[in-house]
Structures are given as C-alpha cells and as structure tokens.
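Notes follow the structure.
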Amino acid sequence: MLTTTNQPALREWVAEVAALTQPDRIEWCDGSAEEYERLCRLLVAAGTFRSLSEAKRPHSYWASSDPDDVARVESRTYICSASEEDAGPTNNWRDPGEMRAELTRRFEGSMRGRTMYVVPFSMGPLSSPASLVGVELTDSPYVVVSMRIMTRMGEAAQRAIEERGSFVPCLHSVGAPLEAGQEDVAWPCDPAQVAIAHFPETREIWSYGSGYGGNALLGKKCLALRIASVIARDEGWLAEHMLVIKVTAPSGEVRYMTGAFPSACGKTNLAMVIPTLPGWKVETIGDDICWMRVAEDGKLRAINPEFGFFGVAPGTGPDTNPNALSMLDHDTIFTNTARTEDGDVWWEGLTAEPPAGLVDWQDRPWQPGSGPAAHPNSRFTVRISQDPAMAPEWEDPAGVPISAILFGGRRQSVIPLVHEAFDWEHGVFLGSIMSSETTAAATGAVGALRRDPFAMLPFCGYNMADYWSHWFDVGARLAPEDRPRVFYVNWFRKGSDGRFLWPGFGENSRVLAWIFERCTGAGAAEETPIGLVPGEGALEVSGLDLSPEALAELLEVDPEAWLGEIPAIREYFATFGDHLPKRLSEELGALEQRLEKERG
Ligand code: OXD
Ligand code: MN
C-alpha cells in the first residue's frame with residue numbers, strides 16, 4: 001500500500017490540494033486487485049454500483065448516473081492558454097489567471113466529507129519514454145476504479161513519476177461536499193457548476209462538477225488528447241483521436257492503419273471488425289487514441305496510450321461487433337445501460353427484441369415505446385486485454401508503422417464510400433474539411449451537421465489552424481515513400497429511398513482490402529476531382545446484396561453537390577484568419593477548379 005511519495009512536487013501538490021478541498025481522508029492508490037475489490041464493494045454499499053449476476057456476467061457492475069451528468073460537456077470545456085489566439089476559434093478560451101481564481105473558489109471545501117484519492121497513472125507503456133505520466137486527485141471512487149481499467153494505474157506509475165521527477169497534475173472533484181450527518185447520493189455531481197479546464201502552458205487539468213467519462217477520467221480526452229496535442233506540437237509528434245488496426249491479407253502480408261472518426265461513428269466497431277472477406281484478418285491496436293512519431297527508421301509509428309476501452313454500448317450487437325460482446329462477458333463496468341430482471345445488462349441493438357421486465361438506465365421499469373431503455377451515450381469500461389481481437393504487438397513501445405490514415409464521418413449524401421487523397425497535403429486538406437452529423441457522445445443537438453476536422457474539434461488543445469500546419473510539418477519530415485496514404489470513408493451514405501446504401505460492419509473489410517491494396521500497389525483507382533476512387537471491379541463486392549446502381553451511387557462524385565459545399569468550407573477556413581495555412585486555401589482553390597472543369 002502506498003502512503004506517500006519521495007517526489008517533492010507531488011507531495012507538495014497533494015498537500016496543497018488537500019488544504020484547499022478539505023477531504024476527510026487521503027488515500028494513495030496502488031492499483032492492486034485488492035484495492036479495486038475494496039472500492040467496488042464501497043461503491044455497491046453507496047448505491048453507485050449494483051453487482052451484476054455472477055452467473056450471467058461475472059465480476060461486473062452497473063451504474064446509473066445523475067440524469068444531468070451523462071456526456072462530455074463541450075460548452076464547459078476550456079483551453080486556458082495565455083493568449084486567446086492560441087486556443088483558436090474552435091475552443092472555449094478563458095484567461096488562465098481568471099479561470100484559476102474561479103476554480104479555486106469552487107474547489108474550496110469541495111471534498112469535505114469525502115476521501116481524496118491520489119491516482120498515479122501512465123498513458124502509454126510504463127517502459128516507454130514516449131508515455132506521459134499523470135496524477136489524478138479525485139473524490140470519486142468510481143473514477144478510481146475506472147482509471148484502473150483505462151490506464152496503467154498505481155504503484156508502478158508512481159515509481160515512474162518519482163524517477164522522472166515530473167507529472168501532469170489532474171485535479172478532479174464531483175463538487176458535492178458532504179456536511180456532517182448529510183446522506184450521500186448514488187451519483188454525486190454538480191451539473192450547474194461543471195468546468196473542465198486545461199492549462200496548456202503549465203500542462204495542468206482541473207475538472208469540477210461531473211463524474212462522467214471524459215469529464216472525469218482525466219487521462220483520456222483531457223491528457224492523452226488536449227494536453228498531449230500541445231506537447232506533441234512542441235516536440236514534433238502527433239496526438240490523435242484515432243483507432244489503430246492491424247490488417248493481414250490472405251497472403252500473410254500486414255499493414256497498419258489509423259482512423260479518425262467523430263465520436264460514436266463506429267470507431268470501436270471498426271477497431272474490432274471481423275472481416276467478411278475470406279482470408280482477411282483485422283486486429284486491434286487501439287480504438288480511440290493514437291500517438292504517432294517519426295521514428296528512427298523513417299516510418300510514422302503509432303502507439304495506443306490507453307489500457308482500456310470506454311465504448312458506447314448501444315449499437316454493439318452480435319452483427320455489429322461480436323468481438324466486443326465476448327470482451328464484455330466479464331469484469332466490466334456498465335454505466336447507464338438498461339438492466340434485465342435476471343441481473344444482466346441490455347441496450348438497444350444488443351438483441352432484436354428487448355427482454356421483458358427491463359429497468360431503464362435510470363432504474364425505472366421500462367415499457368416498449370417509452371423511449372430508449374439504455375441512454376444513447378451509455379458506456380462500457382473494460383480492459384483492452386479482454387478484446388479477443390487484440391494484436392499481440394499492441395503494447396510494443398516502439399509502435400507500429402502506419403501505411404494508411406483514414407478519415408470519416410457520418411454523411412447521408414455527397415461523400416462517397418471511399419476516396420483517396422492525391423498526396424499528403426491533399427490528405428491534410430481532407431482531414432481539415434471533415435464534417436459529420438452529430439451524435440449523443442456530447443451534449444447538444446443530435447443529427448446536425450458540424451465540421452469536425454480530424455475528429456479533433458473537441459480535443460485539440462490549441463489553435464486548430466496551427467494544428468493543420470503541424471500536420472504539414474510532420475509530413476515534410478517523412479520521405480515520400482514513407483508517408484502514409486490518406487483515405488476518406490463514409491459508411492453512412494443513403495440512397496434516394498432514404499436507406500443506407502452500404503451494409504457496413506464486417507463488410508467494411510471490403511473497403512479496408514482496397515485501401516490495403518492501394519498501399520501495396522495492387523489496387524486500381526480512378527481519378528475524380530475529389531481524389532481517387534476504386535477503379536472498375538477494384539472493390540470486391542461479390543456475394544453482397546448490392547445492385548450495380550447502388551454501387552455506382554455509393555461511389556458517385558457529383559461535381560454540382562461538391563461545388564455546393566465549397567462556400568461553407570471557404571467560410572469555415574476564413575474563421576481562422578492569418579493562422580490558416582496557405583496550402584489549405586490552395587487545396588480548396590484547386591478542388592474548386594477541378595470540379596468546375598468536370599462540370600464543364
Ligand atoms: C469518446 C468520445 O468517448 O469521443 O471516445 O466521445
Ligand atoms: Mn473518442
């Protein structure tokens with residue numbers, strides 16, 4: 001059991017925060033199984049957790065959050081850089097001094113009546129100099145057990161911090177102090193006062209008022225993306241909101257790919273996809289975050305800094321993601337799913353018919369027709385090691401060499417099933433114009449179209465236009481033959497009858513196979529004004545219930561519809577003023593010319 005540290009900065013910071021937040025107790029977390037068990041028992045006793053049936057789902061728990069604390073709150077997520085310009089127009093900026101003062105007031109006494117847990121953790125393998133270490137101070141035992149699943153947490157991480165002598169301080173409170181004799185609630189939080197603040201210059205995170213997901217598990221979105229993106233800019237690498245997969249062809253040849261998709265667009269499903277194409281294999285390296293560096297061998301190499309999945313449950317089913325289902329069989333925490341009579345969990349998409357006797361995510365009896373039983377952003381928290389499709393090299397500190405980078409979003413029209421960028425620069429342009437129809441992963445309207453460049457809109461810790469320049473700079477350091485090829489995919493195109501044209505899921509392996517073959521030089525492509533699409537017969541569609549007309553519609557590039565997108569892109573780029581890389585305006589101009597030429 002850890003009781004303190006020989007690291008002066010950590011010791012002093014813990015003492016300082018304790019003096020401010022006034023917890024009843026301080027507990028240093030060692031990450032042991034015993035500690036996990038004890039905290040889970042405590043969460044059961046507090047009513048936060050319910051044990052699921054040992055027979056149905058051994059060693060698993062169900063939690064139901066406050067109905068006002070169910071997703072990341074982007075409107076209360078702040079980048080507090082010294083200058084507003086450094087945060088850029090896509091982030092909420094607050095002056096660091098003012099924010100610090102305001103949050104200090106909120107944190108004052110915020111842990112009264114509670115335990116403050118000291119949670120040392122590493123994003124990335126402990127042995128890797130590329131990993132980032134942090135310490136989360138939190139008054140939420142739910143956060144502690146989740147961090148043990150999601151990160152390499154505990155004693156070994158603390159030793160790494162002591163050796164390095166530095167760490168990223170991550171302060172978290174649910175913002176619900178208990179006065180003497182006051183009874184606790186199952187999910188303490190303070191939704192009205194939520195603030196998730198990032199200080200990029202001093203590399204600190206302060207999060208107040210929420211106990212949910214990315215707001216509270218600070219290693220993931222806050223550290224491994226927002227703060228890491230700033231560190232990556234300064235050090236010349238890339239911290240990305242991307243899955244990483246290993247694709248093996250029937251020949252045994254291997255290629256690694258990354259993919260950026262906005263939240264809840266099927267990233268986890270693609271990371272664990274079981275190919276329908278005979279002989280092909282896909283294995284997972286990561287499902288959400290990837291860090292890429294130009295390595296000594298000249299390749300762009302990626303690691304997954306995480307240790308667990310925090311995946312969206314609804315839509316995870318036997319057809320969409322059988323690997324995930326077997327991974328969730330045991331040792332999993334479910335938050336805001338529905339529950340069955342016999343002590344198991346359920347969500348929309350798990351089975352065609354809901355079982356009788358469900359209780360919904362708020363623990364109320366559920367009736368068919370009364371809305372979703374599971375919250376649309378309900379989640380599972382599970383160790384990566386439980387994924388049967390994990391590639392053995394997923395923890396290799398050297399990373400895996402990337403051959404292809406995929407971008408994608410949820411677009412009902414205009415964007416074809418797949419197209420390839422002409423080169424790296426055009427690829428950066430494709431990433432910068434990504435747009436998607438919004439989902440339930442964040443609070444706000446669902447189904448509206450929003451620009452989500454590189455799927456980093458909620459996660460880039462600095463000016464998005466400077467981030468694009470950084471992508472050009474990293475590309476310039478790669479030899480042309482080592483630059484990954486860039487692709488844009490859209491599984492969500494609909495036909496004139498309003499139905500999805502592409503079956504998706506396992507069939508997406510057909511698109512991966514074409515991408516793979518483009519990387520090895522075997523795949524045929526046809527040039528269009530927007531990029532390269534599969535040439536005649538190059539996309540393997542045999543055995544699919546897909547008419548030639550539907551295939552043509554899927555791959556169609558309509559110059560008129562694309563020209564219709566240009567003014568909005570130009571307007572969007574203009575919001576970045578002088579920061580916009582000149583190369584991106586040139587790419588836009590060149591696209592417009594190619595489209596006009598095609599239209600004739
Ligand atoms: C996530 C997200 O939770 O992107 O991964 O919202
Ligand atoms: Mn994500």
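Both backbone and side-chain heavy atoms feed into the values below; hydrogens, waters and symmetry mates do not. Order of appearance sets the numbers: ligands from 1, and atoms from 1 within every ligand.
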Query - Contact list for residues 315-337, test salt bridge (charged side-chain N to carboxylate O under 4.0 Å, His left out), sequence neighbours left out - result: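 Pairs touching residues 315-337 that pass the test: none.
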Query raised in the report: Under 6.0 Å between the ring centres of Phe121 and Phe307?
Result: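 For Phe121 and Phe307, the ring centres are not under 6.0 Å apart.
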Report task. Could you tell me whether Phe576 and Trp468 have their ring centroids closer than 6.0 angstrom? Result -> yes
Query raised in the report: For the residue pair His426 and Phe429, does the interplanar ring angle fall in the parallel (under 30°), tilted (30 to 60°) or perpendicular (over 60°) class?
Result: parallel
Requested in this report: Classify the angle between the aromatic ring planes of Phe454 and Trp471 as parallel (below 30°), tilted (30 to 60°) or perpendicular (above 60°).
Outcome: tilted
Identify, by atom number and element, the atoms of ligand 1 in contact range of [X], meaning under 4.0 Å from any of its heavy atoms.
| X | value |
| --- | --- |
| His241 | 4 (O) |
| Arg379 | 1 (C), 3 (O), 6 (O) |
| Lys221 | 1 (C), 2 (C), 3 (O), 4 (O), 5 (O) |
| Asp288 | 5 (O) |
| Ser263 | 2 (C), 4 (O), 6 (O) |

Requested in this report: Using the test side-chain contact (heavy atoms from CB on, under 4.5 Å), find all partners of Arg301 that sit at least two apart in sequence or belong to another chain.
Outcome: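 Counting only residues at least two positions away or on another chain, Arg301 forms a side-chain contact (heavy atoms from CB on, under 4.5 Å) with Ala295, Asp297, Lys299, Pro401.
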**Report entry** Non-neighbouring partners of Arg255 that pass side-chain contact (heavy atoms from CB on, under 4.5 Å), sequence neighbours left out
**Finding:** Glu253, Ser403, Phe516, Cys519, Thr520
**Report entry** Atoms of the protein (N/O/S only) found under 2.8 Å from the Mn ion (ligand 2)
**Finding:**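 Listed by chain and number, the nearby protein N, O or S atoms are Lys221 NZ, His241 NE2, Asp288 OD1.
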Report summary line: Between Thr381 and Phe310 the two heavy atoms that sit nearest each other are OG1-CD1, 3.4 Å
Report task. For residues His172 and Leu218, report the shortest heavy-atom separation together with the two atoms involved. Result -> CB-CD1, 3.9 Å
Query raised in the report: Which one holds for Phe261 and ligand 1: side chain close, backbone close, both close, or neither close, with close meaning a heavy atom under 4.0 Å?
Result: neither
